[in-house]
Amino acid sequence: MILSGTIASTVQLQMLNNKWMQKKESGNVLSKQELNERSTWTSEQFMIADFQERLEHNREAEKRQKIDNKIMSGGSLSPEEISYLEKNDPVALKKYRETKEEKESYKEKLRQCKTKEEVDRVKLQKLGELESSLSSIVNDPAIPKSAKLAKAQEILAKTNNIEAAHLEFVKSADYQSMPTDEEKKEQDAADNDISDEITDSEKADNAELTDASENTQDKADTITDDNNQICDIKNTDTADIKATDKTSEKDNRKKEYSTEIKKVSRKLKKGFEAADMHVDIIV
């Protein structure tokens, strides 16, 4: 209910008029004509204008909050959202672009990895850098609380961008075809063995030299073959045991990297909480 012609309306009119005078002094009004018009407004007109202004302010705040949430979650802004920041907050846009550049740099490092464990090491190193930056910020008494929150939000955006890039990469065919450290080591050793083998011509020469003595070795070869069959059976059992041990060792290394990554993630979460940011899941 709008009051008119009462003490309440007079007080309300005075309060609203004061608000508009503050706007006038701050230069936030659009024109002198609008100010002159407001000098003759009734309380109802002031209240309507104030209500409309609040609506516009809420719409702008909601739009900005949506953009900020998208940035912090690691998402990509639309052309319209980028234009909005260009007009209203170029500094925020600059930081957003820097975060995306950092994400691309991280993706390139992943593509250069040779093994699955190397991918884990790259991620662990990057999260460690982010955690160190966050810790230095939240533990610095000289930084105001509001500034800590702003910096923490920037680091959260970087963390989520890194995680998104990492998840995308481990699902790729490039990652799936990557060997483990142990598999690469074995492959490198095999490649070296091949390069050290005797050439075909050298084998032929050696074969001619040994032809004359082959007949005298038939009996010995027969005995050797029998022994080799026995050894093959034993070697098969040994190979199975070694293969099982290698699988277990590979799984253990994977668990170790996973454990270390989780430790750094928990430290990141504590850092965000110290900056009054309650993040349920970081990575």
Side-chain angles (χ1 to χ4, degrees), residues 71-76 95-136 154-200 202-203 232 235-272 279 281-283:
I71 291 175
M72 285 189 290
S73 67
S76 297
K95 292 177 180 177
Y96 164 77
R97 286 172 170 162
E98 289 173 348
T99 297
K100 290 303 179 183
E101 290 175 0
E102 191 170 332
K103 178 182 178 180
E104 290 302 315
S105 176
Y106 177 76
K107 290 169 68 174
E108 181 59 30
K109 287 183 179 180
L110 294 181
R111 286 191 288 266
Q112 293 175 359
C113 291
K114 303 300 182 183
T115 68
K116 288 183 170 70
E117 285 88 348
E118 188 176 357
V119 170
D120 289 335
R121 289 192 286 271
V122 168
K123 180 178 182 180
L124 183 59
Q125 179 183 0
K126 188 61 182 179
L127 291 183
E129 292 172 358
L130 292 171
E131 190 279 325
S132 178
S133 297
L134 179 62
S135 178
S136 64
E154 292 175 24
I155 295 176
L156 176 60
K158 293 181 178 181
T159 303
N160 284 328
N161 271 277
I162 294 304
E163 179 61 14
H166 191 87
L167 289 176
E168 179 184 352
F169 183 75
V170 297
K171 292 178 181 178
S172 69
D174 288 341
Y175 176 82
Q176 297 302 324
S177 62
M178 274 186 182
T180 62
D181 282 347
E182 186 63 28
E183 289 169 346
K184 186 177 185 303
K185 182 179 178 181
E186 292 177 354
Q187 184 60 51
D188 290 344
D191 292 341
N192 289 333
D193 289 341
I194 293 174
S195 65
D196 293 337
E197 286 182 355
I198 302 173
T199 63
D200 291 341
E202 290 174 329
K203 288 182 180 180
D232 287 343
N235 289 338
T236 300
D237 293 339
T238 303
D240 291 340
I241 294 173
K242 288 183 178 180
T244 301
D245 291 343
K246 287 180 180 179
T247 300
S248 178
E249 183 180 351
K250 180 178 69 174
D251 291 341
N252 288 337
R253 281 199 299 271
K254 188 69 177 177
K255 289 179 181 178
E256 288 175 3
Y257 283 118
S258 178
T259 299
E260 289 302 313
I261 289 173
K262 287 180 180 178
K263 286 181 180 179
V264 177
S265 299
R266 285 195 291 269
K267 289 181 180 180
L268 275 166
K269 184 174 182 178
K270 288 182 179 179
F272 289 126
V279 184
I281 298 176
I282 304 303
V283 292

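Side-chain atoms are counted along with the backbone in the values below, which use heavy atoms only and exclude waters and symmetry mates.
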(request) Take Glu101 and Glu104, measure what side-chain contact (heavy atoms from CB on, under 4.5 Å) needs, and give me the verdict at the end. (result) CA-CA 5 Å; Glu101 290 175 0; Glu104 290 302 315; 5.7 Å; no
(request) Just do the side-chain contact (heavy atoms from CB on, under 4.5 Å) check on Lys269 and Arg266 with the steps written out, would you? (result) CA-CA 5 Å; Lys269 184 174 182 178; Arg266 285 195 291 269; 5.5 Å; no
(request) Dump the intermediate steps for side-chain contact (heavy atoms from CB on, under 4.5 Å) on Met178 and Thr115, then the final yes or no. (result) CA-CA 5 Å; Met178 274 186 182; Thr115 68; 5.9 Å; no
(request) For salt bridge (charged side-chain N to carboxylate O under 4.0 Å, His left out), just list the numbers for Glu182 and Lys185, CA-CA rounded to whole Å, side-chain angles, deciding distance to a tenth of an Å, and then say yes or no. (result) CA-CA 5 Å; Glu182 186 63 28; Lys185 182 179 178 181; 5.0 Å; no
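No donor-acceptor pair closer than 3.5 Å links the side chain of Ser132 to the backbone N or O of Glu129.
Side-chain contact between Leu124 and Ile261 is present, with at least one heavy-atom pair separated by less than 4.5 Å. Here the side chains of Lys158 and Leu130 are in contact, with some heavy-atom distance below 4.5 Å. Looking only at side-chain heavy atoms (C-beta outward), Lys171 and Gln176 stay at 4.5 Å or farther from each other. You'll find the side chain of Lys270 stays beyond 4.5 Å of the side chain of Lys267, heavy atoms only. Side-chain contact between Tyr106 and Asn161: absent, with no pair of heavy atoms (C-beta onward) separated by less than 4.5 Å. By the 4.5 Å heavy-atom criterion applied to side chains, Lys184 and Lys114 are counted as neighbours.
Using a 4.0 Å cut-off between charged nitrogen and carboxylate oxygen, Lys126 and Glu102 count as a salt-bridge pair.
In this structure, Asn160 CG and Thr99 OG1 are separated by 10.5 Å, a value rounded to the nearest 0.5 Å. To the nearest 0.5 angstrom, Leu156 atom CG is 4.5 Å from Phe272 atom CZ. Remark: Leu127 CG to His166 NE2 distance equals 8.5 Å, nearest 0.5 Å. Residue Glu154 holds its CD atom at 8.5 Å from CD of Glu98, rounded to the nearest 0.5 Å. Rounding to the nearest 0.5 Å gives a distance of 15.0 Å between NZ of Lys263 and CG of Leu268. In this structure, CG on Asp120 lies 10.0 Å from CG on Leu110, to the nearest 0.5 angstrom.
The salt bridge (Lys or Arg N to Asp or Glu O under 4.0 Å) search around Arg121 returns Asp181, not counting sequence neighbours. Not counting sequence neighbours, Ser133 has no partner by the side-chain hydrogen bond (donor to acceptor under 3.5 Å, both in side chains) test.
Here the closest non-hydrogen pair linking Pro179 and Glu117 is O-OE1, 4.5 Å.
Using cut-offs of 30° and 60° for the angle between ring planes, the Phe169 and Tyr175 rings count as perpendicular.
Gln187 and Glu183 share no donor-acceptor pair across their side chains, judged by distance under 3.5 Å alone.
More than 12 heavy atoms of other shown residues, nucleotides or ligands fall within 6.0 angstrom of atom NZ in Lys100.
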